Amino acid sequence: QVQLVESGGGLVQAGGSLRLNCATSGLTFSTYVMGWFRQTPGKEREFVATISGSGDSTGYADSVKGRFTISRDNAKNTVYLQMISLKPEDTAAYYCAAKRFMGAPRYDYWGQGTQVTVSS
């Protein structure tokens with residue numbers, strides 16, 4: 001079955017950096033669009049970044065542009081989210097997700113999430 005497993009979260013001071021990883025199995029990774037989302041308690045899940053199957057196309061939420069970078073290694077079936085200049089408002093559970101087509105309205109598969117906490 002399809003599995004997405006996030007790792008790399010933790011506690012970091014404001015201004016610091018983290019790299020999140022999302023290892024996948026059970027799908028033809030290079031054919032899937034991958035995304036990162038985040039959610040804090042009581043709030044809607046928020047889009048963070050997306051990357052095409054080839055890695056040639058990326059997109060970001062305005063709140064993270066210039067600070068976060070999404071990338072993927074199709075040989076390792078893994079997608080990454082490099083986060084720099086972290087702010088307390090970046091504190092959230094971060095989830096990776098996969099969908100078959102860039103234009104698809106919904107993501108088909110989700111990971112269990114990894115917590116990122118940024119202290120001020």
Side-chain angles (χ1 to χ4, degrees):
Q1 72 277 23
V2 175
Q3 286 190 314
L4 282 66
V5 180
E6 301 95 335
S7 62
L11 174 64
V12 63
Q13 287 188 331
S17 302
L18 281 175
R19 189 180 82 161
L20 305 184
N21 312 303
C22 173
T24 73
S25 60
L27 50 73
T28 306
F29 182 69
S30 63
T31 67
Y32 278 79
V33 173
M34 299 300 297
W36 284 98
F37 293 77
R38 64 187 183 186
Q39 189 170 24
T40 54
K43 290 190 175 181
E44 297 264 325
R45 187 166 52 200
E46 175 189 23
F47 165 77
V48 174
T50 189
I51 187 167
S52 62
S54 64
D56 290 345
S57 178
T58 59
Y60 297 92
D62 287 343
S63 58
V64 306
K65 275 181 185 175
R67 299 188 300 120
F68 290 12
T69 303
I70 189 171
S71 62
R72 65 191 296 156
D73 185 337
N74 286 347
K76 295 183 178 180
N77 296 335
T78 301
V79 62
Y80 307 98
L81 187 68
Q82 179 68 51
M83 307 183 293
I84 66 170
S85 303
L86 283 161
K87 305 175 182 179
E89 51 263 44
D90 294 318
T91 295
Y94 283 72
Y95 300 87
C96 68
K99 64 179 179 179
R100 191 64 179 81
F101 301 106
M102 187 65 81
R106 286 183 299 274
Y107 281 76
D108 302 307
Y109 304 106
W110 293 85
Q112 85 290 347
T114 186
Q115 180 67 34
V116 171
T117 302
V118 184
S119 63
S120 56

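Reckoned from all heavy atoms, side chains included, excluding hydrogens, waters and symmetry mates. The shown structure was predicted, so the numbers you read here are calculated from the model rather than taken from an experiment.
In the hydrophobic cluster analysis, where Ile, Leu, Val, Met, Phe, Trp and Tyr join through side-chain heavy atoms closer than 4.5 angstrom, Val79 is grouped together with Leu18. Residues Leu86 and Val48 are members of one and the same hydrophobic cluster, defined by side-chain heavy-atom contacts under 4.5 angstrom among Ile, Leu, Val, Met, Phe, Trp and Tyr. Linking Ile, Leu, Val, Met, Phe, Trp and Tyr residues whenever their side-chain heavy atoms come within less than 4.5 Å leaves Tyr94 and Val33 in two separate clusters.
Atom OG of Ser7 is separated from atom CZ of Arg19 by 8.5 Å, given to the nearest 0.5 angstrom. Between the SG atom of Cys96 and the CD1 atom of Ile70 there is a distance of 9.0 Å, given to the nearest 0.5 Å. Here Thr24 contributes atom OG1 and Tyr32 contributes atom OH; the two are 10.0 Å apart, rounded to the nearest 0.5 Å. Rounding to the nearest 0.5 Å gives a distance of 11.0 Å between CG of Asp90 and CD1 of Ile84.
For the side-chain contact (heavy atoms from CB on, under 4.5 Å) test with Val116, the passing option among Leu20, Thr91, Leu11 is Leu20; the others fail.
In this structure, Val64 and Met83 have side chains that are not in contact, with every pair of non-hydrogen atoms separated by 4.5 Å or more.
Not counting sequence neighbours, Glu89 has no partner by the salt bridge (charged side-chain N to carboxylate O under 4.0 Å, His left out) test. With sequence neighbours excluded, no residue forms a salt bridge (charged side-chain N to carboxylate O under 4.0 Å, His left out) with Arg100. For Phe37, the ring pair (Phe, Tyr, Trp, His ring centres under 6.0 Å) partners at least two apart in sequence or on another chain are Phe47, Tyr107, Trp110. Asp62 meets the salt bridge (charged side-chain N to carboxylate O under 4.0 Å, His left out) test with Lys65; sequence neighbours excluded.
Annotation for Cys22 and Leu4: closest pair SG-CB, 4.0 Å, computed over non-hydrogen atoms. Heavy atoms only, all atoms of each residue included: Leu81 and Ala49 are closest at CD1-CB, 4.2 Å. Closest approach of Gln39 to Ala92, counting heavy atoms only: O-CB, 3.5 Å. Heavy-atom minimum distance, Lys99 versus Ala104: NZ-O, 2.8 Å. Residues Arg67 and Ser85 share a closest heavy-atom pair of NH1-O, 3.0 Å. Closest non-hydrogen pair, Val2 versus Gly26, comes out as CG2-O, 3.4 Å.
Residue pairs satisfying the side-chain hydrogen bond (donor to acceptor under 3.5 Å, both in side chains) criterion with at least one member in residues 74-83, sequence neighbours excluded, are listed as follows: Arg72-Asn74. Counting only residues at least two apart or on different chains, no ring-ring contact (aromatic ring centres under 6.0 Å, His included) pair has a member in residues 58-77.
Proximity of a side-chain donor or acceptor of Glu6 to a complementary backbone N or O of Gly113 within less than 3.5 Å is detected. A donor-acceptor contact shorter than 3.5 Å links the side chain of Thr50 to the backbone of Met34.
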